[in-house]
There are 2 protein chains.
Amino acid sequence: MKNIKEKLIELLKLGYCTPQIARIAKKIKEPSTTIHYNIKKLEKEGVIKTYKAVFDYKKIGIEFCSYVLINLAPEEYSNPERIARELIKFPQIECIDIVTGDYELILKIRTKNIEEYYEFVKNILSRKGIVKIKSLNSLKQIKSEFIEV
Amino acid sequence: MKNIKEKLIELLKLGYCTPQIARIAKKIKEPSTTIHYNIKKLEKEGVIKTYKAVFDYKKIGIEFCSYVLINLAPEEYSNPERIARELIKFPQIECIDIVTGDYELILKIRTKNIEEYYEFVKNILSRKGIVKIKSLNSLKQIKSEFIEV
DNA sequence: AATATTTTTGGAACAAAATTCAAAAAACTA
DNA sequence: TAGTTTTTTGAATTTTGTTCCAAAAATATT
């Protein structure tokens with residue numbers, strides 16, 4: 001058996017999807033050429049960044065989810081984006097925001113399990129510039145990416 | 001003008017997209033019928049919940065984003081899901097999680113601006129059962145829904 | 001008001017992709 | 001091993017997306 005499932009998940013998580021022009025046209029009762037024109041325009045303008053699948057993460061074995069509140073070292077205050085942009089590439093990170101309040105960064109993390117999360121914290125969140133983190137572990141996800149889960 | 005843009009955004013935010021089977025087939029060098037079979041299987045099993053667009057929210061005028069940490073009243077501790085599920089329907093809410101730590105719930109909120117956010121807090125987060133909230137306002141989004149923004 | 005630009009629309013022709021079907025291969029079960 | 005289920009696959013069919021007009025309508029600009 002070919003392990004196609006894993007490859008599909010990897011691709012569909014970030015892209016390889018497309019709008020259903022004919023279905024949308026029927027739904028809002030407009031000609032499909034008009035829908036086509038408008039969607040291509042949104043894509044060109046960068047309004048639409050991608051089309052992707054939303055998964056039931058439990059069902060693909062990504063069981064653990066956590067929000068991480070991060071304090072940066074004072075010398076990073078002048079440019080918190082530096083560390084934030086270093087973190088972009090890690091596929092376990094769903095969201096990164098620079099925020100107001102008692103913390104400088106907030107991350108949303110997804111890992112297979114708590115062991116992988118522990119490794120993630122040790123390896124990735126131990127970098128210079130991060131002085132303190134606080135985990136809010138998700139006990140139950142109710143909504144994610146605007147989708148009820 | 002028909003304001004098709006708004007209708008498109010509304011539909012594409014939650015669905016009306018589909019996987020690009022032929023493109024995936026080429027990418028991972030498998031017959032497209034095999035890809036088709038596997039994707040339909042994932043859909044039937046509920047592994048894939050939907051296909052949707054990811055937007056540059058700034059470009060569609062959804063400028064404000066905030067994470068809200070919520071403390072529930074003690075009488076809600078036995079069933080924090082009750083309030084969480086009441087909140088699902090509000091389109092401003094991107095994520096809802098029940099979490100460990102000093103708070104019971106965490107939300108991720110998107111509104112046009114801070115005024116709409118203020119209305120949201122007054123009208124929706126003032127409900128019985130919620131005793132305290134803390135906002136972490138996003139100053140800058142770096143990554144969202146796994147996509148660099 | 002006149003002009004320019006953008007958006008909407010239809011139709012047709014084409015290209016590309018999705019879906020169905022049947023059969024073969026592989027994996028699993030007893 | 002024999003039988004069952006699941007997965008893979010190619011060929012044919014159906015559906016859908018794309019493009020190319022050209023024209024009308026709406027909007028914006030001067």
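First the proteins, then the strands, lettered A, B, ... as listed; each starts at 1.
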**Q.** Lys/Arg-Asp/Glu bridge criterion (N-O < 4.0 Å) met for Arg82(A), Glu76(A)
**A.**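 Glu76(A) and Arg82(A): salt-bridged.
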| query | Does Lys122(B) make a cation-pi contact with Tyr118(B), if we ask for NZ or CZ under 6.0 Å from the ring centre and within 45° of the axis? | reply |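 Positive - Lys122(B) is close enough to the ring of Tyr118(B) and near enough to its axis.
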| field | Cationic tip of Lys13(B) above Phe146(A) ring, under 6.0 Å, 45° of axis | value |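 Verdict for Phe146(A): a cation-pi partner in Lys13(B).
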Using the test side chain to side chain contact (heavy atoms under 4.5 Å, CB included), find all partners of [X] that sit at least two apart in sequence or belong to another chain.
X         : value
Thr33(A)  : Pro31(A)
Pro91(A)  : none
Ile114(B) : Phe64(B)
Ala25(B)  : Ser32(B), Ile35(B)

Of all heavy-atom pairs between Tyr51(A) and Ile39(A), which one has the smallest distance, and what is that distance?
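Nearest pair, atom of Tyr51(A) first, then Ile39(A): OH-CG2, 3.4 Å.
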### Query
Mapping Asn3(A) and Thr33(A) onto DNA chain D by nearest heavy atom, which one lands closer to the 5' end?
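Looking at the nearest nucleotide for each, Asn3(A) comes out on the 5' side.
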Heavy-atom contacts under 4.0 Å between residues 4-23 of chain A and DNA chain D, which residues?
->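 Those residues are Ile4(A), Pro19(A), Gln20(A), Ile21(A), Ala22(A).
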Check: Taking DNA chain D as the partner, which of residues 35-47 of chain A come within under 4.0 angstrom of it by heavy atom?
Finding: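 His36(A), Lys40(A) - these, ordered by number, are the residues of the stretch whose heavy atoms sit under 4.0 Å from the strand.
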